[in-house]
Amino acid sequence: MKFTNSQLVSTTRISPNRTSPRNQPITKITPHHMAGVCTIEQFGNIVANPSRQMSANYGIGNDGRIILTCPEGDRSWCSSSPWNDHRAVTIEVSNSAYGDASGWPISNAAYESLIALCVDICKRNNIPKLVFTGDTSGSLTFHYMYAATACPGPWLKAHAQDLCNKVNAQLNAINNKPTVNNNKTSSQTTTTSSNKIKTGDLVTISSNATYYTGTSIPSWVKSEKWYVSSVSGDRAVLGLNETKNRNIQSPVNTKFLTVVKVSSKKTYTVSLKSTDILYATAGGKTKGNVGTSGIFTIVEDTTVNGVKYGKLKSGAGWVKLSTTSTSTPIKKGDWVKVINNTTYDGKKFTVYASKYKVLELNGKRAVISSDGKNVTCAINIANIAKV
Ligand SMILES: [Zn+2]
């Protein structure tokens with residue numbers, strides 16, 4: 001089974017609370033509610049705590065931004081059911097108000113992101129459509145089917161069929177694209193494609209625009225200028241506003257967008273390994289691993305202390321592009337500290353010792369030991385530093 005993760009995320013913070021790998025293909029999606037109003041940073045902190053014993057594959061904040069906290073290849077601890085969680089991508093969605101009197105609603109931005117994420121999960125995992133049957137046989141399942149819980153709350157429960165309808169409408173639009181390409185639409189397509197919207201462009205939204213899913217765009221969103229955070233076909237995801245104090249991560253058809261400032265940045269692709277380190281900023285703190293091996297798009301690069309870093313298009317973070325740094329190469333017998341607690345095959349491990357001895361070195365693979373004799377694990381040399 002080959003698994004990928006969504007490129008719709010703004011950030012990644014992998015929880016230790018998970019079972020790796022999942023033992024079933026992905027055939028279900030299980031949205032939960034957070035039973036509170038949360039940012040993705042707050043959610044990331046909660047699931048990073050091992051004592052919480054819970055996680056989800058994704059979290060969606062009240063502002064609609066998405067965080068990856070458990071790779072899709074791993075089983076999250078989310079729905080009180082290993083059976084479900086081995087089969088499902090689980091998504092914890094922030095509420096926009098709390099308390100039973102509120103009905104536990106979620107914001108329009110969070111709902112738009114949930115729809116977009118469900119479409120993306122279905123596409124990548126070949127789930128033909130999202131089906132709510134009211135029991136565990138559907139491809140849309142909920143926490144209350146497995147445990148005595150009110151999750152996902154009255155609002156999401158009441159929107160189960162609406163969510164399926166909106167997701168399936170987009171899946172149908174994607175699947176039917178070649179067959180609806182008659183003369184009329186192809187001339188429209190030509191006009192649309194000449195309106196080239198690129199990642200990083202600053203755009204305005206036309207007054208008659210709706211979100212990609214067809215729901216209405218609030219007037220405050222239409223009144224601001226937005227940076228495009230990703231484009232796929234005619235679907236552009238708007239991210240930060242011009243002053244960069246809001247990030248809506250909402251999809252809009254490119255035909256509704258007008259470029260007011262072209263991105264000056266040239267993008268290019270690089271090949272990365274799943275074990276390559278992700279940084280929060282160029283030269284900044286580490287925040288986990290790339291997670292999936294493959295070709296990634298770099299939208300910006302910068303050099304810090306002689307090391308070139310590139311920013312991933314997904315918004316997941318920065319990666320090292322070259323290591324022309326002056327750091328001393330690691331040799332067999334050296335003592336090193338662990339700077340990223342991920343083993344050579346991508347699993348997390350707990351760092352108990354302040355330094356480890358390199359017992360073996362083969363290319364980028366080092367075998368390290370906390371006591372200088374017994375093997376702790378194999379690790380990529382990018383994840384350790386000489387002490
Ligand atoms: Zn739940």
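Sequential numbering from 1 along the given sequence is applied to the chain's residues. Counting convention: from 1, in listed order, for ligands and their atoms alike.
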(request) Indicate yes or no: does Glu242 engage Lys261 in a salt bridge with an N to O separation below 4.0 Å. (result)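 The answer is no: the pair does not qualify as a salt bridge.
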(request) Check each of Trp104, Tyr98, Phe142 against His33 using the ring-ring contact (aromatic ring centres under 6.0 Å, His included) test, and report the only one that passes. (result)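 It is Trp104, the one option of Trp104, Tyr98, Phe142 that forms the ring-ring contact (aromatic ring centres under 6.0 Å, His included) with His33.
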(request) Give a yes or no on whether His33 keeps an N, O or S atom under 2.8 Å from the Zn ion (ligand 1). (result)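 It does not; every qualifying atom lies at 2.8 Å or beyond.
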(message) If I take every N, O or S atom of His32, is at least one of them less than 2.8 Å from the Zn ion (ligand 1)?
(response)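 His32 does place an N, O or S atom closer than 2.8 Å to the Zn ion (ligand 1).
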(request) Considering just N/O/S atoms, say which atom of His143 is closest to the Zn ion (ligand 1). (result)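 Per the distance ranking, His143 contributes ND1 as its closest N/O/S atom to the Zn ion (ligand 1).
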(message) For Tyr227, does the six-membered ring have the charged nitrogen or CZ of Lys244 within the cation-pi criterion, i.e. under 6.0 angstrom from the centroid and within 45° of the normal?
(response)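 Cation-pi check for Lys244 and Tyr227: passes.
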(message) Under the side-chain contact (heavy atoms from CB on, under 4.5 Å) test against Asn289, which residue among Asp276, Leu278, Asn383 passes?
(response)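 With Asn289 as partner, Asp276, Leu278, Asn383 yield a single side-chain contact (heavy atoms from CB on, under 4.5 Å), made by Asn383.
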